[in-house]
Amino acid sequence: LLVYNHLDVEAADPPQSADEAKWTIPNPFEPEVREDKIIGRGTTDDKGPFLATLMANALLYKEGRLPVNIVHVAETQEEISSTLFRILFADGINAGYIPSPSSIFLSDNVFEGEYPSITKGTRGLIHATLTLKLHYDKIHSGLGGGLVPNPLGILSAAVNQCYDPRTGEVLIPGFNDGAQLPQGKELEELKAYARQFNLPQYLQDMKAGKAFTDDPLEALLRVWYKGTFELHNTSGVLGTKIPGVAEMNVTMRLGYGMSGGKIIKNFTSMLQQYHPAIRVHADYTPAFRADVSHPHFAKAAEACRKGFG
């Protein structure tokens with residue numbers, strides 16, 4: 001059994017920022033124990049789950065109660081798509097440094113509240129960096145405004161034709177081709193869970209103000225199965241200058257069966273039809289789905305019932 005965790009955390013907020021001010025301890029990099037809780041950066045994502053699983057396995061080993069071999073793997077690139085980790089892990093398996101596991105356990109799987117969950121698959125991910133360079137340097141808007149094109153405006157307009165920000169619908173041609181949404185027994189199980197899923201609490205826990213839907217079933221389909229399109233980290237210049245170069249990061253989640261390569265090709269074509277100088281650097285990881293009829297899933301379900309009742 002291979003237990004996977006990651007030790008890296010999201011980038012720290014700038015000092016004096018509103019998010020940084022929310023911390024209730026002087027230094028979030030130095031964790032503190034308060035009211036039986038560890039407060040600090042990465043305590044829930046994912047250092048706490050790592051330590052909990054490691055200590056539990058250490059106790060079982062000490063008492064001679066481990067029925068299988070355990071391999072703990074903790075990476076430090078999860079927050080940046082695990083690009084090098086994937087290569088390192090594959091090399092470790094091939095070279096024999098890491099025993100090839102019979103199954104893999106992700107040790108932070110409590111999706112909502114106190115309900116345990118067993119991961120049977122993950123959506124894929126496209127990460128794209130978009131660049132548009134039109135000028136040799138930034139230009140004062142009092143001298144060039146209205147005279148020269150603004151690459152940040154052009155790039156934003158090009159990207160906005162790829163999805164509807166009012167609904168979340170992705171408009172890239174062929175985006176949903178091959179997508180496999182749940183059917184039959186899987187759909188009925190999802191509907192059963194949707195009836196107990198607390199969507200308002202889920203949104204509150206994320207600090208979200210508003211969602212595209214109030215329907216719990218549709219929300220779960222969007223979070224677990226459907227493809228998505230999101231914008232991140234636009235850059236140009238500060239102040240009143242017109243940027244010479246604009247850059248934007250885009251991510252797209254891929255449902256099972258969706259073609260990352262085809263989507264990248266159509267996305268690039270769509271952007272370059274708007275402006276031929278837009279450059280796209282993108283890579284992707286496909287979605288994964290495990291065979292839930294495997295006996296290891298039955299063992300995992302048995303463990304959940306024993307541990308959580």
Side-chain angles (χ1 to χ4, degrees), residues 1-15 17 19-20 22-62 66 68-112 114 116-127 129 205-207 223 230 232-233 249 251 253 283-288 290 300 303-304 307:
L1 174 64
L2 186 145
V3 182
Y4 165 86
N5 293 93
H6 65 93
L7 298 180
D8 57 322
V9 298
E10 292 188 2
D13 296 303
S17 69
D19 285 337
E20 188 70 14
K22 293 177 182 177
W23 285 100
T24 58
I25 60 176
N27 182 5
F29 291 92
E30 296 289 341
E32 295 185 11
V33 177
R34 294 188 179 183
E35 299 180 359
D36 295 327
K37 294 182 179 179
I38 302 176
I39 310 297
R41 286 181 53 78
T43 52
T44 59
D45 184 17
D46 181 37
K47 298 175 183 178
F50 170 64
L51 280 176
T53 312
L54 182 66
M55 297 304 290
N57 284 332
L59 177 63
L60 292 173
Y61 176 77
K62 182 179 179 180
L66 270 183
V68 295
N69 293 320
I70 302 290
V71 177
H72 280 272
V73 173
E75 69 152 311
T76 56
Q77 286 196 323
E78 192 271 347
E79 302 291 356
I80 55 172
S81 302
S82 304
T83 306
L84 295 177
F85 173 75
R86 285 178 286 174
I87 300 171
L88 179 65
F89 185 74
D91 287 348
I93 293 286
N94 293 333
Y97 301 133
I98 302 173
S100 183
S102 300
S103 60
I104 296 176
F105 173 68
L106 309 178
S107 73
D108 59 350
N109 280 10
V110 175
F111 175 66
E112 179 199 16
E114 299 300 318
S117 60
I118 301 170
T119 299
K120 66 178 182 181
T122 61
R123 287 184 297 178
L125 177 66
I126 292 175
H127 184 274
T129 300
D205 290 345
M206 291 191 297
K207 307 294 190 295
V223 170
E230 298 297 340
H232 318 274
N233 306 326
N249 292 325
T251 59
R253 302 283 170 173
D283 56 24
Y284 76 95
T285 302
F288 166 77
C304 285

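Computed over heavy atoms, backbone and side chain alike; hydrogens, waters and symmetry mates excluded. The chain is numbered in sequence order, starting from 1. Keep in mind that what you see is a predicted model, and the values were worked out from it rather than measured.
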What is the distance from atom CD1 of I126 to atom OG1 of T251, rounded to the nearest 0.5 Å? 9.5 Å
Not counting sequence neighbours, which residues clear salt bridge (Lys or Arg N to Asp or Glu O under 4.0 Å) with E32? List them please. R34
Verify the distance criterion only: is there a donor paired with an acceptor across the side chains of N5 and H72 at less than 3.5 Å? no
Measure the NZ-CE distance between K62 and M55 for me, rounded to the nearest 0.5 Å. 9.5 Å
To the nearest 0.5 Å, what is the distance between CD1 (I38) and OG1 (T43)? 7.0 Å
Using side-chain heavy atoms (C-beta onward) and a distance below 4.5 Å, is V3 in contact with N57? yes
Close side-chain approach of W23 to R41, heavy-atom, < 4.5 Å: yes
Report the distance from atom OH of Y61 to atom CG of N69, rounding to the nearest 0.5 Å. 10.0 Å
What distance do F89 atom CZ and N94 atom CG have between them, rounded to the nearest 0.5 Å? 10.0 Å
Looking at CZ of F50 and CG of L7, how far apart are the two atoms once the value is rounded to the nearest 0.5 Å? 5.5 Å
Do the side chain of R253 and the main chain of V223 share a donor and acceptor less than 3.5 angstrom apart? no
Contact between P31 and I39 at the side-chain level, heavy atoms closer than 4.5 Å - yes or no? no
Does CG belonging to N27 count more than 12 external heavy atoms closer than 6.0 Å? yes
Going by the side-chain contact (heavy atoms from CB on, under 4.5 Å) test, name the single residue among D91, L2, L88 that passes it with I98. L2
Heavy-atom neighbours of E79 CD exceed 12 at 6.0 Å: yes
Is it the case that the side chains of H6 and T76 hold a donor-acceptor pair, with the cut-off being a distance below 3.5 Å and no angle test? no
Salt bridge (Lys or Arg N to Asp or Glu O under 4.0 Å) filter on K120, not counting sequence neighbours, yields E186
Test item: H127 and T129 side chains (from C-beta on) under 4.5 Å apart, heavy atoms: yes
